[in-house]
Amino acid sequence: MKVVVPVKRVVDYNVKVRLKADGSGVERANLKMSMNPFDEIAVEAAVRLKEKGIAHEIVAVSIGSHQSTETIRTALAMGADRGILVVTEDEVEPLAVAKILKAICGAEQPQLVITGKQAIDDDAAQTGPMLAALLGWAQATRAHTLEIDAGTARVECEVDNGLQTIALKLPAVVTTDLRLAEPRYASLPNIMKAKKKPIAEKTAAEYGVDTASRLKVLGVAEPAVRPAGVKVKSIDELLNTLQAAGAI
Amino acid sequence: MPSLVVAEHDNKTLAEATANTVTAARQLGAPVHVLVAGHDGVRIAEAAALLAGVDAVLLADDPLYAHPLAEPLAALILALADRYDAVLAPATSTGKAILPRVAALLDVPQISEITRIVAPGVFERPIYAGAVLQTVQAPPGKLVLTVRTTAFAATGAGEPAPITRVAAGPDPGLSNFVGETLSQSVRPALSAAKIVVAGGRGLQSGENFKLLEKIADRLKAAVGASRAVVDAGFVANDYQIGQTGKVVAPELYIAVGISGAIQHVAGMSQSKRIVAINKDAEAPIFQVADIGLVADLFQALPEMDAALAKRGYN
């Protein structure tokens with residue numbers, strides 16, 4: 001079966017973001033960028049399905065500027081077969097992303113879409129379920145384990161009070177949680193090979209999707225800084241302080 | 001038109017998260033209806049009806065809702081959505097799975113994890129693991145919101161609201177519940193606990209979490225963890241606190257052996273009082289701690305256990 005893996009280029013998780021001087025947004029110039037870590041897990045999960053002989057082709061899709069080519073190349077170096085870059089300079093909201101992905105799924109006819117449960121920049125956690133809804137497909141969010149068998153995906157999902165196992169009729173959308181698969185480092189030969197793998201360039205207009213923002217960002221701010229704390233020297237002093245404050 | 005709050009429950013009890021979400025819904029200014037979709041859910045509906053600020057409860061009682069599957073729940077909400085200006089759910093694993101489906105099918109953007117209602121249609125929400133607070137204005141049309149429950153106080157008890165039964169929605173027949181492994185804990189739930197004791201990489205093994213659990217039991221606290229120790233398999237996934245795990249805001253948060261990466265701080269920085277115990281005096285956790293103790297936790301925890309016992313915490 002074919003697997004589509006949407007991947008997003010985001011500010012690297014180790015970078016502390018700062019606001020633009022005019023408060024209009026987050027300063028992203030000259031920051032280290034990486035593939036969204038949850039999407040990396042999605043690529044890894046797809047590659048493992050291919051290694052097991054379950055998937056025969058993995059298509060990595062990214063929506064963003066030309067620099068998102070790097071993100072697709074990373075997926076190709078990990079083992080995806082080809083890429084689709086939907087070029088846009090807009091910040092595309094999850095609903096428009098889902099609409100573009102729906103059109104791509106219409107053309108590609110995958111049996112499975114695997115993507116991150118959330119991107120670590122906007123923390124929206126919407127794209128996977130939105131795509132599943134638009135396609136009329138089943139979904140599993142926050143996958144902890146994933147097994148494919150005879151037209152069914154059996155997914156253990158991380159839920160707030162433990163793990164829930166559900167069976168999905170394929171085709172389906174699965175979003176990844178942290179423990180699904182540890183992403184591999186691409187080997188140098190695979191990085192070289194990835195440079196020869198094809199990446200098709202498209203635009204949102206070709207898919208008939210309007211990527212204009214529907215939400216209006218009125219401003220951004222840094223959260224209030226907590227006042228400096230005190231250091232205590234011993235457990236007794238700590239407990240005295242907490243008891244005096246009525247905290248325990 | 002009124003606002004619709006999707007109740008969070010496990011088919012036995014109504015989750016506190018529903019009461020937080022009702023508070024957020026009240027701030028939209030319209031009457032608040034609560035949807036209870038469950039199987040044999042009368043008692044849950046009755047509990048929802050007793051929440052202050054709830055004007056009506058809708059009960060969709062059907063075996064289809066015996067487990068929270070996203071596809072049938074989204075279909076049910078969609079069938080009711082015509083009558084509402086806003087649909088809200090707590091930003092729990094269930095709410096986050098269902099509501100984007102509803103938003104997509106209504107063709108409206110969802111606003112995730114709102115922390116403040118600034119003005120009608122204007123919301124504040126954290127991005128970049130809470131390093132930035134974004135204020136966004138929704139377009140005209142229906143609002144679909146998930147609510148960060150720690151940012152809104154739970155509504156109390158009120159006069160019982162009327163309960164109306166509604167027909168079950170269609171069964172999309174796309175997924176089946178197979179089973180679940182739920183955490184069996186005698187301790188309070190992380191999201192509802194007044195005190196949380198959380199451990200990080202400094203604990204070095206799952207076995208060593210017992211040191212932490214002893215303290216938690218003396219303080220009637222919940223036990224949480226940083227991502228690193230969940231990844232390492234020391235504790236189950238539902239212990240994880242942070243950007244991609246649970247967000248908690250207890251009265252007292254005691255971080256032990258946690259360095260304080262921004263992704264972890266994102267899940268606990270709204271706690272009323274933060275205590276950090278770490279042997280590294282330079283650990284970033286001390287920047288958010290109200291009270292810090294630089295100490296080796298393998299000495300500090302047994303000492304704390306003994307000191308609490310002496311002070312009558314049993």
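Each chain gets a letter, A, B and so on, in the order its sequence line appears, and its residues count up from 1. The structure presented is a predicted model; accordingly, all values stated were derived computationally and were not measured.
- The number of heavy-atom neighbours closer than 6.0 Å to NZ of A:K169, taken from other residues, nucleotides and ligands shown, is 12 or below.
- Interface remark: A:V26 contributes side-chain atoms only to the contact with chain B (heavy atom separation under 4.5 Å).
- The most heavy-atom pairs under 4.5 Å with chain B, out of A:L134, A:V17, A:T175, come from A:V17.
- Contacts of B:L252 with chain A are made by side-chain atoms alone, with heavy-atom separations under 4.5 Å and no backbone atom involved.
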### Trace of the side chain to side chain donor-acceptor pair (under 3.5 Å) decision for B:Q240 with A:R179
CA-CA 12 Å; B:Q240 190 185 327; A:R179 268 70 64 172; 2.8 Å; yes

### Query
Passes salt bridge (Lys or Arg N to Asp or Glu O under 4.0 Å), B:R125 versus A:D122? Steps please.
CA-CA 10 Å; B:R125 60 177 301 265; A:D122 64 14; 5.8 Å; no

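- If you measure heavy-atom distances from B:F286 to chain A, the contacts under 4.5 Å come from the side chain alone.
- Neither the backbone nor the side chain of A:V225 comes within contact range of chain B; no heavy atoms are under 4.5 Å apart.
- By the 4.0 Å N-to-carboxylate-O rule, B:D107 lies close enough to A:R214 to be salt-bridged with it.
- Heavy-atom distances place the side chain of A:F38, and not its backbone, under 4.5 Å from chain B.
- No donor-acceptor pair closer than 3.5 Å links the side chain of A:K99 to the backbone N or O of B:A104.
- Side-chain atoms of A:Q126 come within 3.5 Å of backbone atoms of B:Q110 as a donor-acceptor pair (strictly under, hydrogens ignored).
- With a 4.5 Å cut-off on non-hydrogen atoms, A:K233 touches chain B through its backbone but not through its side chain.
- Residue contact with chain A, scored on non-hydrogen atoms closer than 4.5 Å, involves the backbone and the side chain of B:I111 alike.
- When all heavy atoms of A:L239 and B:A307 are compared, the closest pair comes out as CD1-CB, 3.6 Å.
- The most heavy-atom pairs under 4.5 Å with chain B, out of A:I166, A:V155, A:T141, come from A:I166.
- Interatomic distance, CD1 of A:I235 versus CD of B:Q299, reported as 10.5 Å (0.5 Å rounding).
- A donor-acceptor pair under 3.5 Å links the side-chain atoms of A:Q139 to the main chain of B:A97, judged by distance alone.
- Note: A:Q164 leads A:K117, A:Q164, A:R18 in heavy-atom pairs under 4.5 Å with chain B.
- Between the side chain of A:D160 and the backbone N or O of B:S93, at least one donor-acceptor pair lies under 3.5 Å.
- Proximity to chain A (any heavy atom under 4.5 Å) is shown, for B:A131, by both the backbone and the side chain.
- Contact of A:S213 with chain B is not made at all, since no heavy-atom distance falls under 4.5 Å.
- Looking at A:Q243, the atoms closer than 4.5 Å to chain B (heavy atoms on both sides) all sit in the side chain, from C-beta outward.
- Within the 4.5 angstrom heavy-atom criterion, no atom of A:A98 approaches chain B.
- At least one donor-acceptor pair closer than 3.5 Å links the side chain of A:R226 to the backbone N or O of B:S269.
- For the residue pair B:N176 / A:R154, no side-chain donor-acceptor distance below 3.5 Å is found, with atom types taken as modelled.
- If you measure heavy-atom distances from A:E222 to chain B, the contacts under 4.5 Å come from both the backbone and the side chain.
- Distance alone, capped at 3.5 Å, places no donor-acceptor pair between the B:S175 side chain and the A:L168 backbone.
- Looking at A:P223, the atoms closer than 4.5 Å to chain B (heavy atoms on both sides) sit in the backbone and in the side chain alike.
- Looking at A:A172, there are no atoms closer than 4.5 Å to chain B (heavy atoms on both sides), in backbone or side chain.
- Interface remark: A:T165 contributes backbone and side-chain atoms alike to the contact with chain B (heavy atom separation under 4.5 Å).
- The two residues A:A245 and B:R273 come nearest to each other via the heavy atoms CB-NH2, 3.5 Å.
- Proximity to chain A is limited to the side chain of B:K246, based on heavy atoms less than 4.5 angstrom apart.
- Summarising the geometry of A:W137 relative to B:E71, their closest heavy-atom pair is O-CG, 4.2 Å, with the distance given to 0.1 Å.
- For A:R28 against B:Y128, the heavy-atom pair with the smallest separation is CD-OH, 3.6 Å.
- Ranked by non-hydrogen atom pairs under 4.5 Å with chain A, the options B:V230, B:V118, B:T94 are led by B:V230.
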